Protein chains: 2
Amino acid sequence: MARLSDVIEQFIKELMRDANTDMLEIQRNELADHFNCAPSQINYVLSTRFTIDKGYYIVSRRGGGGFIRIKKLDTDTRSYIGYLIFEYIGDSISQLDASRVLANIEEKGIVTPRERAIMEAAINGKSLNVFSPSKDVVRAKLFKSMLSVLITG
Amino acid sequence: MARLSDVIEQFIKELMRDANTDMLEIQRNELADHFNCAPSQINYVLSTRFTIDKGYYIVSRRGGGGFIRIKKLDTDTRSYIGYLIFEYIGDSISQLDASRVLANIEEKGIVTPRERAIMEAAINGKSLNVFSPSKDVVRAKLFKSMLSVLITG
DNA sequence: AATATTAATAGTCAAAGAAAGTCAAACAAC
DNA sequence: GTTGTTTGACTTTCTTTGACTATTAATATT
């Protein structure tokens with residue numbers, strides 16, 4: 001049974017695809033009405049599925065004629081991966097955040113689903129069954145190392 | 001009297017056969033209800049009868065609209081990769097041996113050069129900058145984890 | 001014109017709800 | 001008596017909802 005959040009996510013993405021644009025403005029209440037849900041549900045969808053690390057950027061304005069603008073970041077692969085390696089990931093990264101990044105670069109077509117799954121396997125909690133320096137630190141190293149293949153290979 | 005676990009196992013397998021598919025999504029509670037048992041019984045069945053080495057792969061998600069996805073693996077490269085995972089690699093593997101395995105599976109066309117490079121990056125010495133002599137142990141875990149992707153994709 | 005008021009938006013946060021996961025104790029089969 | 005099964009209490013994760021807050025634009029008032 002599809003979750004509402006998933007449906008809304010797809011809806012927004014289709015709107016963008018159909019309009020062949022990387023920028024979309026929505027009306028929160030209108031959208032909520034369309035799906036017959038609480039307006040804050042829209043915020044939930046945006047904050048879980050249209051985050052920076054998934055390649056989206058949100059701007060909004062309240063008041064009369066307010067709106068939510070969703071912008072899909074156009075990411076030259078190299079600089080995006082570079083950003084991930086040199087800025088975003090840092091010295092430590094949680095499994096959840098790493099997974100999000102992976103989902104994002106797969107969606108962008110930067111890695112194949114299988115490549116993504118390989119990386120996922122490497123950085124998941126089970127594999128990193130390491131004490132000593134914290135798990136997240138080892139994960140960050142591993143992850144960056146694998147990502148660098150994408151821009152050097 | 002047939003054990004409940006066996007009955008559930010058969011039930012799931014029949015569902016897949018009947019639907020003529022190798023992928024099935026179930027609702028844990030629903031299934032438990034159907035058999036009038038504790039939900040965790042389903043986990044037991046899955047974890048004892050639908051394991052990787054038996055050719056199944058499980059993915060799940062919690063929360064509203066959660067599910068358990070059971071995937072039946074195809075048996076082509078499975079036996080070879082299975083051999084690597086369950087027999088060859090064992091609890092520990094050196095970097096050199098791991099590299100050899102990788103070269104081998106690339107040559108066989110089981111992984112692409114890039115996939116191989118990704119794995120190489122994950123298991124090389126630098127990434128595994130874990131103290132302790134357990135480097136080879138961590139490497140084995142990582143490696144097997146990544147390899148398992150190959151027979152689940 | 002400047003300022004206050006009102007209506008129209010959107011944001012936040014926490015509680016409730018809806019799954020699935022874990023673990024260990026009790027139980028059964030061999 | 002050792003191994004495999006069943007059960008249930010507790011935990012974790014993710015989603016949905018709603019009450020309350022904050023901001024902005026439009027409008028009315030001075």
Side-chain angles (χ1 to χ4, degrees), chain A residues 1-12 23-54 56-71 94-100 102-104 120 123-129 135-136, chain B residues 1-12 23-54 56-71:
Chain A
M1 188 175 311
R3 297 182 193 67
L4 220 207
S5 290
D6 290 341
V7 176
I8 296 174
E9 175 191 1
Q10 287 315 310
F11 182 79
I12 292 172
M23 200 270 277
L24 183 68
E25 273 182 16
I26 61 168
Q27 220 79 30
R28 190 181 75 150
N29 289 346
E30 196 180 272
L31 195 55
D33 252 24
H34 186 266
F35 287 104
N36 214 28
C37 65
S40 54
Q41 176 95 43
I42 306 302
N43 297 85
Y44 178 72
V45 172
L46 294 178
S47 69
T48 54
R49 283 125 159 109
F50 292 86
T51 54
I52 278 275
D53 60 301
K54 287 188 173 144
Y56 291 88
Y57 183 60
I58 307 286
V59 178
S60 68
R61 190 121 120 241
R62 311 184 187 189
F67 59 82
I68 297 177
R69 182 179 302 151
I70 304 166
K71 187 160 186 214
S94 74
Q95 188 175 342
L96 191 61
D97 284 344
S99 280
R100 282 189 180 131
L102 283 174
N104 179 235
E120 191 96 51
I123 60 176
N124 75 17
K126 276 183 201 123
S127 302
L128 290 180
N129 199 358
K135 220 179 249 197
D136 289 1
Chain B
M1 181 183 315
R3 296 191 217 55
L4 219 206
S5 289
D6 290 341
V7 176
I8 295 174
E9 175 190 2
Q10 287 316 311
F11 182 80
I12 291 173
M23 201 270 278
L24 182 69
E25 272 182 18
I26 61 167
Q27 222 77 30
R28 190 181 75 151
N29 289 345
E30 198 180 87
L31 195 55
D33 253 23
H34 186 265
F35 287 104
N36 214 28
C37 64
S40 54
Q41 176 94 42
I42 306 300
N43 297 84
Y44 179 72
V45 172
L46 293 177
S47 69
T48 54
R49 280 119 160 117
F50 292 85
T51 54
I52 278 273
D53 60 303
K54 292 196 170 130
Y56 291 87
Y57 182 61
I58 308 288
V59 178
S60 69
R61 213 149 137 203
R62 311 185 187 187
F67 59 81
I68 298 177
R69 181 178 303 151
I70 305 166
K71 189 160 185 213

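Numbers restart at 1 for each chain; the letters A, B, ... are given by sequence-line order, proteins then strands. Keep in mind that what you see is a predicted model, and the values were worked out from it rather than measured.
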* If you check every side-chain atom of B:Gln27, which of D:dT23, D:dT7, C:dA19 has the closest atom? -> C:dA19
* To do: Would you kindly check whether a donor in the side chain of B:Arg28 faces an acceptor in the base of C:dA19, or vice versa, at under 3.5 angstrom?
  => no
* Can you find a donor-acceptor pair, distance only, under 3.5 Å between A:Arg3 side chain and D:dT15 base? -> no
* Structure fact -> A:Gln95 CD to D:dT13 C1', in whole Å, measures 13 Å
* Please give, in whole Å, the distance from D:dG4 C1' to B:Leu4 CG? -> 14 Å
* Structure fact -> Contacts of B:Gln41 and B:Arg62 projected onto DNA chain D by closest heavy atom; the upstream (5') one is B:Gln41
* Asked: Looking only at side-chain N and O atoms, does B:Ser5 come under 4.0 Å of OP1 or OP2 in D:dT6?
  -> yes
* Structure fact -> Rounded to whole Å, CG of B:Asp6 lies from P of D:dT6 at a distance of 8 Å
* Quick one: pull up CD in B:Gln27 and NE2 in B:His34 and give me the separation to the nearest 0.5 Å. => 14.0 Å
* Please tell me which of A:Gly64 and B:Cys37 maps to the more 5' nucleotide of DNA chain D, matching each residue to the nucleotide holding its nearest heavy atom. => B:Cys37
* Structure fact -> Separation of D:dC14 atom C1' from B:Phe67 atom CZ, nearest Å, is 12 Å
* Asked: D:dA25, C:dA20, C:dG11: which one has an atom nearest the side-chain heavy atoms of A:Arg61?
  -> D:dA25
* Structure fact -> Value for CG (B:Asp33) from CZ (B:Arg28), rounded to nearest 0.5 Å, stands at 11.5 Å
* Asked: For B:Ile42, which contact category applies under a 4.0 Å heavy-atom criterion: base, sugar-phosphate, or nothing?
  -> nothing
* Structure fact -> When rounded to whole Å, the CZ to P distance for the pair A:Arg69 and C:dA10 reads 13 Å
* Asked: When rounded to the nearest 0.5 angstrom, what is the spacing between CD1 in B:Ile8 and SG in B:Cys37?
  -> 4.5 Å
* Would you say D:dC14 has OP1 or OP2 under 4.0 Å from some side-chain N or O of A:Thr48? -> no
* Asked: If you measure from OH on A:Tyr56 to CZ on A:Arg49, what distance do you get to the nearest 0.5 Å?
  -> 12.5 Å
* Asked: Quick one: CG on A:Leu4 to CZ on A:Phe35, what's the gap to the nearest 0.5 Å?
  -> 7.5 Å
* Asked: At under 4.0 Å, does any side-chain N or O of A:Tyr44 touch on OP1 or OP2 of D:dT16?
  -> no
* Would you mind classifying the nucleic acid contact of B:Gly63 as base, sugar-phosphate or nothing, using non-hydrogen atoms under 4.0 angstrom? => base
* Asked: Starting at CG of A:Leu46 and ending at C1' of C:dT12, how long is that distance when rounded to a whole Å?
  -> 14 Å
* Compare all side-chain heavy atoms of B:Ile26 with those of B:Ile42 and state whether any distance is below 4.5 angstrom. => yes
* Asked: If only side-chain N and O atoms of A:Asn29 are considered, is one of them under 4.0 Å from the OP1 or OP2 phosphate oxygen of C:dT9?
  -> no
* Could you check how far CG of B:Asn36 sits from C1' of D:dT7, rounded to whole Å? => 12 Å
* Asked: Just to confirm, is there a sub-4.0 Å distance from OP1 or OP2 of C:dG21 to any side-chain nitrogen or oxygen of B:Ser40?
  -> no
* Under 4.0 Å between a side-chain N or O of A:Arg49 and OP1 or OP2 of D:dC14? -> no
* **From C:dG21, C:dT12, C:dA19, nucleotide with atom closest to A:Asn43 side chain** => C:dT12
* Could you give the CZ-to-P distance, from A:Phe35 to D:dT15, as a whole number of Å? -> 15 Å
